[in-house]
Amino acid sequence: VGINDCAMKKPLLTLGNWEFKPGVASSLITVLILPIFISLGTWQINRGYERQALFDQLEARQSQNPILLTDIVLDYDNIRFTPVKITGEFLNQNQLLLDNQIHNKQAGYRVLTPFKLDSNQILLIDRGWISVGKSRATLPSINPIQGKQTIQGLINRPSAGMQLKKLPYPKTPEWPLRIQTLDFSG
């Protein structure tokens with residue numbers, strides 16, 4: 001390995017028969033782009049740490065015994081992934097189908113059903129995934145859950161997801177209502 005740095009010649013790095021002679025333009029581009037790549041790598045590492053912390057929080061809270069929802073002050077950041085037990089009724093007539101959900105390489109919907117607590121508060125319950133079926137023109141049939149129910153689950157707010165075009169809310173919706181994203185803004 002040799003370095004030739006004469007004042008009149010281009011910088012030269014040799015390794016055996018191979019010579020590296022960077023030009024001014026490529027050197028300038030490298031100097032400008034390198035910090036961007038370093039910051040993107042750092043960002044990815046930090047996202048990995050955030051995801052691990054979230055996973056650790058989920059794992060720790062899942063091992064707790066479920067508590068009655070009325071015992072919790074609804075401070076979302078402090079209760080996320082807390083196991084809860086609630087009693088009330090599913091409002092099957094107002095189900096939502098969150099579109100464009102993939103499960104085992106198959107397109108489908110997340111079934112979201114409002115659940116009215118004994119205190120008259122309403123929560124949105126994620127009942128799971130259902131296949132699109134043979135055609136998007138026909139919505140899948142969802143079995144209703146009737147009567148008073150006591151259910152257990154984890155408190156979570158799903159991500160809003162990506163929305164390509166905001167669609168207006170229909171004045172007279174047909175239920176179940178197919179939606180593209182969840183909007184928690186109001």
Side-chain angles (χ1 to χ4, degrees), residues 43-44 47 50-186:
W43 174 74
Q44 284 284 19
R47 286 287 296 143
E50 289 172 12
R51 289 183 65 87
Q52 185 61 47
L54 194 61
F55 178 76
D56 292 344
Q57 181 186 30
L58 170 65
E59 197 171 63
R61 291 204 173 150
Q62 277 185 327
S63 63
Q64 297 172 352
N65 289 326
I67 56 179
L68 294 175
L69 186 62
T70 55
D71 297 340
I72 299 175
V73 176
L74 290 179
D75 177 10
Y76 175 71
D77 291 330
N78 291 325
I79 63 169
R80 188 172 188 195
F81 303 130
T82 299
V84 294
K85 188 181 219 179
I86 56 177
T87 300
E89 291 185 55
F90 282 99
L91 303 177
N92 296 296
Q93 69 277 11
N94 298 113
Q95 293 188 110
L96 303 171
L97 297 175
L98 183 58
D99 203 353
N100 301 317
Q101 305 298 302
I102 306 298
H103 181 69
N104 292 333
K105 299 180 183 179
Q106 188 177 9
Y109 305 98
R110 297 294 300 182
V111 178
L112 306 169
T113 307
F115 189 82
K116 187 175 180 181
L117 302 175
D118 289 341
S119 65
N120 287 329
Q121 290 178 301
I122 296 177
L123 298 176
L124 196 57
I125 305 298
D126 183 346
R127 291 180 51 198
W129 181 88
I130 190 169
S131 174
V132 166
K134 294 180 182 178
S135 167
R136 285 197 170 275
T138 305
L139 293 176
S141 176
I142 303 162
N143 293 332
I145 300 175
Q146 303 294 339
K148 193 174 220 179
Q149 302 289 321
T150 298
I151 60 174
Q152 286 185 198
L154 298 177
I155 292 180
N156 193 17
R157 177 184 297 172
S159 67
M162 183 176 71
Q163 184 174 5
L164 300 177
K165 179 182 176 187
K166 187 159 184 145
L167 300 173
Y169 186 78
K171 291 181 181 176
T172 54
E174 293 182 26
W175 301 98
L177 181 62
R178 184 181 349 203
I179 58 173
Q180 300 296 317
T181 187
L182 295 169
D183 183 5
F184 297 106
S185 62

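Just so it is clear, the model here is predicted, and its values are computed rather than measured. The first residue of the sequence shown is numbered 1, and numbering continues consecutively from there.
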Engineer: Quick one: pull up CD1 in I125 and CG in L96 and give me the separation to the nearest 0.5 Å.
Structural biologist: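 Answer for the CD1-CG pair, I125 versus L96, is 12.0 Å.
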Engineer: When rounded to the nearest 0.5 angstrom, what is the spacing between CD in E59 and CZ in F55?
Structural biologist: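 It is 4.5 Å, given to the nearest 0.5 Å.
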Engineer: When rounded to the nearest 0.5 angstrom, what is the spacing between CG in L177 and CD in Q95?
Structural biologist: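 Reported value, rounded in 0.5 Å steps: 11.5 Å.
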Engineer: Do any N or O atoms from the side chain of Q101 and from the backbone of D99 form a donor-acceptor pair under 3.5 angstrom?
Structural biologist: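 Side chain of Q101 to backbone of D99: a pair is present.
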Engineer: A107 and I102: which non-hydrogen atoms are nearest, and at how many Å?
Structural biologist: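 The pair with the smallest heavy-atom distance is CA-CD1, 3.9 Å.
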Engineer: Just wondering, are more than 12 heavy atoms of other shown residues or ligands nearer than 6.0 Å to CZ in R51?
Structural biologist: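 No, because the 6.0 Å sphere around CZ of R51 holds 12 heavy atoms or fewer from other groups.
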Engineer: Can you see which heavy atom on L97 is nearest to which on P140, and at what distance?
Structural biologist: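 The answer is CD1-CD, 4.2 Å.
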Engineer: Can you check whether L124 reaches P114 side chain to side chain, under 4.5 Å on heavy atoms?
Structural biologist: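 SC-SC contact between L124 and P114 confirmed.
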Engineer: Just verifying a value: how many Å separate N92 CG and I142 CD1, rounded to the nearest 0.5 Å?
Structural biologist: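 Here the rounded value is 9.0 Å.
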Engineer: With a 4.5 Å limit on heavy-atom distance, are the side chains of L58 and N156 in contact?
Structural biologist: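 In short, these two side chains do not touch, never coming nearer than 4.5 Å.
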Engineer: Would you find more than 12 non-hydrogen atoms of other residues, nucleotides or ligands less than 6.0 Å from Q64 atom CD?
Structural biologist: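 Yes, CD of Q64 has more than 12 neighbouring heavy atoms, counting only those of other groups under 6.0 Å.
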Engineer: Looking only at heavy atoms, which two atoms of T113 and R127 are closest? And how far apart?
Structural biologist: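 Residues T113 and R127, closest heavy atoms: OG1-CD, 3.1 Å.
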Engineer: State which residue, out of R178, Q180, R110, fulfils the side-chain hydrogen bond (donor to acceptor under 3.5 Å, both in side chains) condition with N100.
Structural biologist: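 The option that passes is Q180.
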Engineer: Let me confirm one number: the CG-CG distance from L98 to D126, rounded to the nearest 0.5 Å.
Structural biologist: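 One finds 8.5 Å between CG of L98 and CG of D126.
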Engineer: Name the orientation class of the two ring planes belonging to F115 and F90 (parallel below 30°, tilted from 30 to 60°, perpendicular beyond 60°).
Structural biologist: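 Rings of F115 and F90: perpendicular, over 60°.
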Engineer: Using 0.5 Å steps for rounding, measure from the CH2 atom of W175 to the CG atom of N94.
Structural biologist: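 Nearest 0.5 Å value for the CH2-CG distance: 4.5 Å.
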